[in-house]
2 protein chains.
Amino acid sequence: MDSDRRRRPTLDTVAAAVGVSRATVSNAYNRPDQLSSSLRERILETARTLGYAGPDPVARSLATRSSAAVGFMLPQGLSGAFSDPALSIVLDGLAQTVDGHDHSLVLMPGDATGGPRPSIVSRAQADVMVAYSLPDSAPALDAVATRGLPLVVIDQPELPDTARVEVQDHAGCTAAATHLLDLGHRRFGILTFALRPDGVSGPVSHERRSDVPFRVSRDRLGGYLDTLEKAGVKPDNVPVWEARGSDRELGRLGARWLLTRTPRPSALLCTSDQLAFGALQAARDLTLTVPGDLSVVGFDDVPEAAYSDPPLTTVRQPLADKGRRAGELALKLLAGARPPRPTRLGVSLVERASTAPRK
Amino acid sequence: MDSDRRRRPTLDTVAAAVGVSRATVSNAYNRPDQLSSSLRERILETARTLGYAGPDPVARSLATRSSAAVGFMLPQGLSGAFSDPALSIVLDGLAQTVDGHDHSLVLMPGDATGGPRPSIVSRAQADVMVAYSLPDSAPALDAVATRGLPLVVIDQPELPDTARVEVQDHAGCTAAATHLLDLGHRRFGILTFALRPDGVSGPVSHERRSDVPFRVSRDRLGGYLDTLEKAGVKPDNVPVWEARGSDRELGRLGARWLLTRTPRPSALLCTSDQLAFGALQAARDLTLTVPGDLSVVGFDDVPEAAYSDPPLTTVRQPLADKGRRAGELALKLLAGARPPRPTRLGVSLVERASTAPRK
DNA sequence: TGGTGTTGCTGAAGCGCTTCAGTCATGCTG
DNA sequence: CAGCATGACTGAAGCGCTTCAGCAACACCA
């Protein structure tokens, strides 16, 4: 029996206690200019003594037809997702923007399908959704569409009637690969995070390289491979390892495999800094010196890249900005704006000490 | 003009179209046994063609007086919080539990006060809150109380009428310190994460060591210091560095300071694995070998601890369990249960290669 | 003096849904 | 055939709030 949890006070309770109408109490909270400040004080005071904590958020949402919340859809579970600081930074940027406008953030972690379950999406109390790097045509995206909610996608292909922010992944990878080619490297290995949401780690077969549903993986892998091919390095001669997540330890595993191929690559191209850190580790394990025996490049430029051993050459993308922009877009859509043209954020190669001319 | 965003269909729209009552349509979604399956099919089909995505979550919440969401309150912003994988793991455990029961997760990041703003809390659409390591008497906690929401706290002191899960921090630290004492160490340094939510990093003065509002920091620091003192090592002779967050780089910074004291500590006690990883890095920077010149212990036993260089001796706590338990408790409270007695999770010292006898 | 604002408050209509007490056939039992 | 379950559906109340037209009172101005 929860007899102790007796009915909480409502607007009416307070109104009755003060002897005014319910509308006036509502105004005391939402439109202070609509009543005398003395009355307002009295109302607030009475509310306090009654233990009334302010208008019920759900009822308010129903009446205003707005829940003041943005939903954030992830391609995977939380622990996997957050092993990459890049996501934390993006999400933090988003949270700050959203939080600053008194909106809250509803997290929708994904499962093996590469996104949250549709049932979760259709029951989520949010009035705008942000999709972060979901695979093309994830079921969650349909669920958003049938609910008719505004949507902003990050790192995903254009969708009808949707705002979008993304980064020049392909160009970034081209720059990184070119940098290594310029240094004289000819033997490469590629370390990428998931190409598909199936949780598989391992060497990437030829057919698995095509029809990659994660846009970011597709573009980064493509960016590396295309650039190498143009320079005369056959893609078939470039071993590619797919890690099912973007974390250090998975990176180390993959790099170990890549570095034990014959002939051994003199340069490793990674699709994230975390993977690159793992690669540095793997090199140490194998007593290879970086950049003496091996050059390594990452992607993201997370803060730690400047402090790793050695400091990492990597492609910088404006992570916090990405989150902030997404947040702003979400708020804009909420305000009724039409999706503007995609926000494209620039990238730049940051040369540090993990790359050097081929010996 | 959002003339294109014309009124979405509601239960009534569908009911009218099918020619049944609204209650029946509602039943089609919520109580399939209350109507013939043929009619149900017809209703669902009509709904589909009308573009009706199912009962509106907000309205449903109002009617059922339950929003099927759990709020998660953090002591800091997201980027800071997630730089420690420990949080990701806890949150993942919680998310899985909660998600499995079709509840969603509302994230409430904290600010400089060491918790989310009260206004955020009182407007959050959640019907149970989980507080993660907020400082004692954070304003957010009062906000939860005045809303009368059930609360489960993780790593925080007991609060009236509140469920609680926590870990034997003090005991864990005692074990770690004892281990080092047994190895013959007498010169220690301590590396702790925030003692207060004020964002300060630096050496910890004597007075700052008392009245620490973060329970975990208080217990871990206390556990280390008490144990050392009992063994005859004066707390005043133990330099303590406070990092404002639990991340590697901040750990490196602090460890560098600790390792340049005279006399140099032969052992470093850290309050988290992330800080310990930073310490390993700092040792490398100073060309000290671990565990030859320096022993290091961490706390948490995150997966990476087994793979660091050298593998880290640390206090294991069951992180995923912690999240899962918190989730279960939240769901139980939601179901009307009274807060059970606190769930106390055990810890154990995991000896790896970062500690060795004093030279 | 009459017109024109202001200020401060209220009544009532929703927001879109769930739920519960019925109602009405229909089939079954003895 | 009376009596009684059973199954399928409905009407209406209510969840707690916002909002807007409207009203009374009063002040101000020419």
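By convention in this document, chain letters (A, B, ...) are assigned in the order of the sequence lines, proteins followed by strands, and residues within each chain are numbered from 1. Values below: all heavy atoms of this structure, side chains included; hydrogens, waters and symmetry mates excluded.
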Undergrad: From C-beta outward on P55(A), which listed nucleotide comes closest to its side chain: dC15(D), dG16(C), dT18(D)?
TA: dT18(D)
Undergrad: Residues in salt bridge (Lys or Arg N to Asp or Glu O under 4.0 Å) with D155(A), at least two apart?
TA: K322(A)
Undergrad: Take atom CG of L62(A) and atom P of dA13(C), then tell me their distance rounded to the nearest Å.
TA: 17 Å
Undergrad: What is the distance, to the nearest angstrom, from the CG atom on D12(B) to the C1' atom on dG11(D)?
TA: 12 Å
Undergrad: Indicate yes or no for a side-chain donor-acceptor contact from R215(B) to the backbone of D136(B) under 3.5 Å, with no hydrogens or angles considered.
TA: no
Undergrad: It should be established whether S21(B) places a side-chain nitrogen or oxygen under 4.0 Å from OP1 or OP2 of nucleotide dT10(D).
TA: yes
Undergrad: Check whether the side chains of S67(B) and Q125(A) place a donor and an acceptor atom closer than 3.5 Å, and report yes or no.
TA: no
Undergrad: I'd like a list of close polar pairs between nucleotides 19-23 of chain D and the protein, N/O only, cut-off under 3.5 Å.
TA:
residue	atom	partner	partner atom	Å
dT19(D)	OP2	R31(A)	NH2	3.4

Undergrad: Look at the rings of F82(B) and F82(A) and say which category their plane angle falls in: under 30° parallel, 30 to 60° tilted, over 60° perpendicular.
TA: parallel
Undergrad: Does T97(B) use its side chain to pair, donor to acceptor, with the backbone of G93(B) at less than 3.5 Å?
TA: yes
Undergrad: Could you state the CG-P distance from D56(B) to dT18(C), rounded to the nearest angstrom?
TA: 9 Å
Undergrad: Is it true that E45(B) and R42(B) make a salt bridge, defined as a side-chain N closer than 4.0 Å to a carboxylate O?
TA: no
Undergrad: Which part of the nucleic acid, if any, lies within contact of V58(B), taking any heavy atom under 4.0 Å across all strands shown: a base, the sugar-phosphate backbone alone, or nothing?
TA: nothing
Undergrad: Report yes if a side-chain nitrogen or oxygen of R60(A) is closer than 4.0 Å to either non-bridging phosphate oxygen (OP1 or OP2) of dT18(D); otherwise report no.
TA: yes
Undergrad: Closest approach of P340(B) and A163(B), non-hydrogen atoms and distance?
TA: CD-CB, 4.3 Å
Undergrad: Is Y29(B) touching bases, backbone alone, or none of the nucleic acid, heavy atoms closer than 4.0 Å?
TA: nothing
Undergrad: Given 3.5 Å as the limit, does a donor-acceptor pair link the side chain of R8(B) with the main chain of R147(A), or not?
TA: yes
Undergrad: Is it the case that the side chain of D99(A) and the backbone of A95(A) share a donor-acceptor pair, with hydrogens and angles ignored and the cut-off at 3.5 Å?
TA: no
Undergrad: Closest-nucleotide mapping onto DNA chain C: is V25(A) or L11(B) further toward the 5' terminus? I mean the 5' end.
TA: V25(A)
Undergrad: Using a cut-off of strictly less than 4.0 Å between a heavy atom of the residue and any atom of DNA chain D, enumerate the qualifying residues of residues 33-49 of chain A by number.
TA: none
